[in-house]
Amino acid sequence: MALTVELDAPTYGKYNQPIGLFINGEFVEGVDKKKFEVINPATEEVITSVCEATEKDVDIAVAAARKAFNTVWKKTATVDRGRMMLKLADLIDRDAKKLAAVESYNNGKPIALATGELQLVSACIRYYGGYADKIHGKTVDVDSDYMVYTKQEPLGVCAQIIPWNFPLLMLAWKIGPSLATGNAVILKSSEQTPLTALLVAELIVEAGFPPGVYNIISGFGKTAGAAMASHMDIDKVAFTGSTVTGRAIMKAAAASNLKKVTLELGGKSPNIVFDDADIDQAVSWVNYGMFYNQSQTCSAGTRIYVQEGIYDKFIAAFKKRVLENKVGDPAHPESFQGPQISQLQFDRIMGYIDAGKSEGAKLEIGGERHGEKGYFIKPTIFSDVGHDMKIMREEIFGPVAAVAKFKDEEDVLRMSNDSTYGLASAIHTKDLDRAIRVSNELHAGTVWVNNYNFLHAQIPFGGYKQSGIGRELGEEALNAYLQNKSVTIRIGGGLSPIN
Ligand code: ADP
Ligand code: MG
C-alpha cells in the first residue's frame with residue numbers, strides 16, 4: 001500500500017501527504033491494514049483516507065517508545081535534546097505555509113487564523129527546547145551526616161490524546177514539555193484531523209530525533225484512544241478534549257496501572273463587561289473571544305455578562321460588529337469564520353439553538369445554517385438569557401453567544417462562579433481596582449483583563465473545577481512530565497538508630 005498520497009490544498013497546491021502510522025521513526029500501515037476517511041468540513045467531501053491504528057498498533061508503538069526511552073533517549077545529552085527541538089521549530093517555520101494550508105483544509109479554520117497559529121506552534125516548541133538543558137534538581141541540607149539531593153526524572157512513556165479544534169497547536173503544547181523533559185511519547189491525533197500531525201512526523205525525522213522517541217498514530221477514541229488510556233506500560237496520559245471523555249480516560253487510568261493523568265477539558269467561560277468599559281474595545285474583544293475558531297475553543301468566552309447601564313448599547317454594538325464577521329470559504333484570505341468540524345457538531349449546535357429559542361431567550365441574530373454545503377452556522381447571539389437555561393450552562397462548542405444583564409460585582413461573580421467549569425474568564429473595565437478585585441474572586445485558571453484569548457508559551461493554562469487537572473504551557477507544564485527522586489547518602493558510615 002502506498003503510504004503517501006498527492007493532495008491539493010486550496011491555498012497551497014499539490015503536496016505529498018503521508019498517511020501511515022508514524023511508529024519507531026517510520027510510516028507503517030498498521031497491523032489490520034485498516035483505513036478511514038478524512039472529510040473537508042467546508043465541502044463535506046472526502047480529502048483522502050489515512051491508516052487507522054488499532055489496539056495492536058498501540059502496543060507496537062508503546063514498545064517502540066519504551067525501547068527508545070531505555071536505550072537512547074534517557075542517555076541523550078540534554079543539550080542535544082534541546083538542539084533537536086530547536087531544529088524542529090525551525091523546520092515548522094520553514095514549512096509554515098504548507099502546514100497552515102493543510103490545517104485549514106482539514107479543519108476548516110480560515111487560512112488567516114491557521115497562518116497565525118503556526119507562529120504559536122513553532123514558538124511553543126522553541127520555548128520548551130530552551131528548557132531541555134535547564135531542568136535541575138536541588139541539594140537539600142538536612143544535617144552533617146547526610147548528603148541529600150533531588151533529581152527531576154522523566155516519567156518514561158507518555159500517551160497524548162488531542163482534539164480536532166487546534167490540531168497543530170495542541171500537538172505543540174504536548175510535544176514541547178514532554179520532549180524537553182526526556183520522555184518518549186505516543187500521540188494520537190483526532191480522527192477528524194489527522195493530516196497535519198503526519199506532516200510534523202516527517203519533520204521529526206528530519207530534525208534527527210531517534211526512532212521511537214515520538215510516535216504519532218491516527219485512530220479513533222473508542223479503540224486506539226481507549227487502549228492508550230488503559231495501557232499497562234504507559235506511565236502518563238495527557239488529554240485535551242471534552243469533559244465526558246476526560247472522565248472516561250481518568251477512569252481507565254485508575255482501573256489499569258494508575259498512570260498519571262493531566263486533563264485540559266471544556267469550559268463555559270464568563271466574559272464580563274462593566275459599565276465603565278471602553279465599549280468599542282470591549283465589543284472587539286468579546287467578539288474575538290466568542291467567535292474565534294468557529295467558537296470551537298475550550299476557552300471561548302461564551303457567557304457574556306453585561307452591566308445594566310450599558311446593556312442595550314452593548315447589544316446593539318455587538319450585533320453590528322458580529323454581522324461584519326466574514327463567514328465562508330476557509331481558503332479566502334478574509335474569512336474569519338469557517339465551517340464547524342462535522343455534521344455531528346453541526347447538529348448538536350443547531351440543537352442548542354432550538355433549546356435557546358424554546359427556553360425563551362431572545363434571538364438577536366443568526367440561528368441558522370449559512371450557505372448550502374459545508375457545516376457553516378451563522379454567528380448567533382441570544383440576549384436576555386436566563387441563568388438556568390441550557391445555552392447558559394452547557395458548553396456548545398459553536399457560534400452561539402449567550403448574553404445576560406447583571407447589576408453589580410456581587411451579582412456577576414455569583415453567576416460567573418456558579419458553573420461546573422473553570423477554564424477561563426475575562427473582565428472588561430477601566431477601573432484597575434475592580435479588575436484586580438474581580439480577578440481575585442473568579443474561579444478560573446485564566447483571567448483576561450481588557451483582552452481575550454491571549455495564549456502564550458510562557459503563560460500556564462488550565463482549568464479549575466471540571467475544566468481540568470494540571471496546567472499546560474509555561475514552566476508549570478514541565479512538572480506534569482517529571483517525577484522527583486530524592487537521593488539520601490549517609491556520610492562517614494555508622495549504624496542504624498535501633499542498634
Ligand atoms: P469529540 O467527540 O468532539 O471528538 P472528544 O473529547 O471525545 O471530542 O475527543 C478528543 C480526543 O479524544 C480525540 O482524539 C478522540 O479520538 C479521543 N477519545 C474519544 N473518546 C475516547 C476514549 N474513550 N478514550 C480515549 N480517547 C478518546
Ligand atoms: Mg467524543
Side-chain angles (χ1 to χ4, degrees), residues 21-22 34 36-39 41 50-55 57-59 61-62 106-109 158-171 173-175 185-198 215-232 234 236-257 259-268 293-300 339-349 351-352 375 394-398 421 423 463 466-469 472:
L21 309 174
F22 181 66
K34 288 180 159 184
F36 65 94
E37 289 180 341
V38 182
I39 307 292
V50 297
C51 296
E52 175 187 341
T54 64
E55 291 85 342
D57 302 303
V58 170
D59 282 342
V62 171
N106 188 173
N107 167 281
K109 67 175 72 211
C158 301
Q160 303 177 331
I161 301 175
I162 59 170
W164 43 261
N165 55 345
F166 293 92
L168 279 172
L169 194 58
M170 294 302 103
L171 179 71
W173 288 16
K174 297 284 185 288
I175 286 186
V185 178
I186 161 174
L187 173 134
K188 190 188 83 59
S189 56
S190 164
E191 55 269 40
Q192 329 267 12
T193 52
L195 298 185
T196 46
L198 297 172
N215 304 277
I216 298 179
I217 59 171
S218 314
F220 291 87
K222 292 228 150 50
T223 51
M228 291 161 78
S230 61
H231 205 283
M232 293 303 288
I234 287 179
K236 177 226 165 84
V237 57
F239 169 74
T240 301
S242 62
T243 295
V244 174
T245 300
R247 212 182 288 281
I249 284 173
M250 196 162 172
K251 269 191 194 160
S256 53
N257 63 344
K259 58 180 66 62
K260 318 253 179 295
V261 178
T262 49
L263 305 172
E264 202 261 89
L265 307 174
K268 188 78 183 174
N293 204 40
Q294 296 70 248
S295 309
Q296 301 168 146
T297 308
C298 49
S299 58
Q340 308 308 126
I341 190 72
S342 64
Q343 185 70 50
L344 191 78
Q345 286 299 116
F346 179 92
D347 293 341
R348 278 191 71 228
I349 297 161
Y352 276 109
Y375 312 119
E394 297 180 17
E395 183 177 48
I396 300 174
F397 232 58
Y421 293 117
L423 190 57
Q466 292 181 38
S467 285
I469 296 178
E472 300 201 89

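The model shown is predicted, which means the values in this text are computed figures rather than measured ones. Each ligand, and each atom within it, is numbered from 1 in the order the structure gives.
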[X]: heavy atom below 4.0 Å from ligand 1, yes or no?
{"X": "Ser189", "result": "yes"}
{"X": "Ala226", "result": "yes"}
{"X": "Phe397", "result": "no"}

>> Nearest non-hydrogen contact with atom 22 (C) of ligand 1 belongs to which option: Gly221, Ser218, Ala159?
In response: Gly221

Heavy-atom contacts with [X] under 4.0 Å: which atoms of ligand 1 show up? List them by number with element.
{"X": "Ile161", "value": "11 (C), 12 (O), 14 (O), 17 (C), 25 (C), 26 (N)"}
{"X": "Gly241", "value": "6 (O)"}
{"X": "Trp164", "value": "1 (P), 3 (O), 4 (O)"}
{"X": "Ile249", "value": "24 (N), 25 (C), 26 (N)"}
{"X": "Lys188", "value": "13 (C), 14 (O), 15 (C), 16 (O)"}
{"X": "Ser242", "value": "5 (P), 6 (O), 7 (O)"}

Would you say [X]'s side chain and [Y]'s backbone share a donor-acceptor pair under 3.5 angstrom?
{"X": "Lys259", "Y": "Ala252", "result": "no"}
{"X": "Asn107", "Y": "Phe166", "result": "no"}
{"X": "Asn215", "Y": "Ile186", "result": "no"}

Please state which part of [X] comes within less than 4.0 Å of ligand 1, counting heavy atoms only: side chain, backbone, both or neither.
{"X": "Ala229", "value": "neither"}
{"X": "Val244", "value": "neither"}
{"X": "Met228", "value": "neither"}

How close do [X] and [Y] get, heavy atom to heavy atom, and via which atoms?
{"X": "Pro339", "Y": "Gly108", "result": "CD-O, 3.2 Å"}
{"X": "Ser256", "Y": "His231", "result": "OG-O, 4.3 Å"}
{"X": "Asn106", "Y": "Pro41", "result": "O-CD, 3.2 Å"}
{"X": "Lys188", "Y": "Gly225", "result": "CD-N, 3.8 Å"}
{"X": "Pro194", "Y": "Val38", "result": "CG-CG2, 3.7 Å"}

For the atom pair [atom1] ([X]) and [atom2] ([Y]), what is the distance rounded to the nearest 0.5 Å?
{"X": "Cys298", "Y": "Asn293", "atom1": "SG", "atom2": "CG", "answer": "10.0 Å"}
{"X": "Tyr421", "Y": "Glu395", "atom1": "OH", "atom2": "CD", "answer": "5.0 Å"}
{"X": "Arg247", "Y": "Met250", "atom1": "CZ", "atom2": "CE", "answer": "9.5 Å"}

Quick test: of every protein heavy atom, which one is nearest to [atom], and how far off is it to 0.1 Å?
{"atom": "atom 7 (O) of ligand 1", "value": "Thr245 OG1, 2.7 Å"}
{"atom": "atom 15 (C) of ligand 1", "value": "Glu191 OE1, 3.4 Å"}
{"atom": "atom 13 (C) of ligand 1", "value": "Ile162 O, 3.5 Å"}
{"atom": "atom 12 (O) of ligand 1", "value": "Phe239 CE1, 3.1 Å"}
{"atom": "atom 25 (C) of ligand 1", "value": "Gly225 C, 3.2 Å"}

>> Once you measure the plane-to-plane angle for Phe346 and Tyr375, does it fall in the parallel (<30°), tilted (30-60°) or perpendicular (>60°) bin?
In response: tilted

> Right, does atom 4 (O) of ligand 1 have protein non-hydrogen atoms nearer than 4.0 Å?
Replying inline: yes

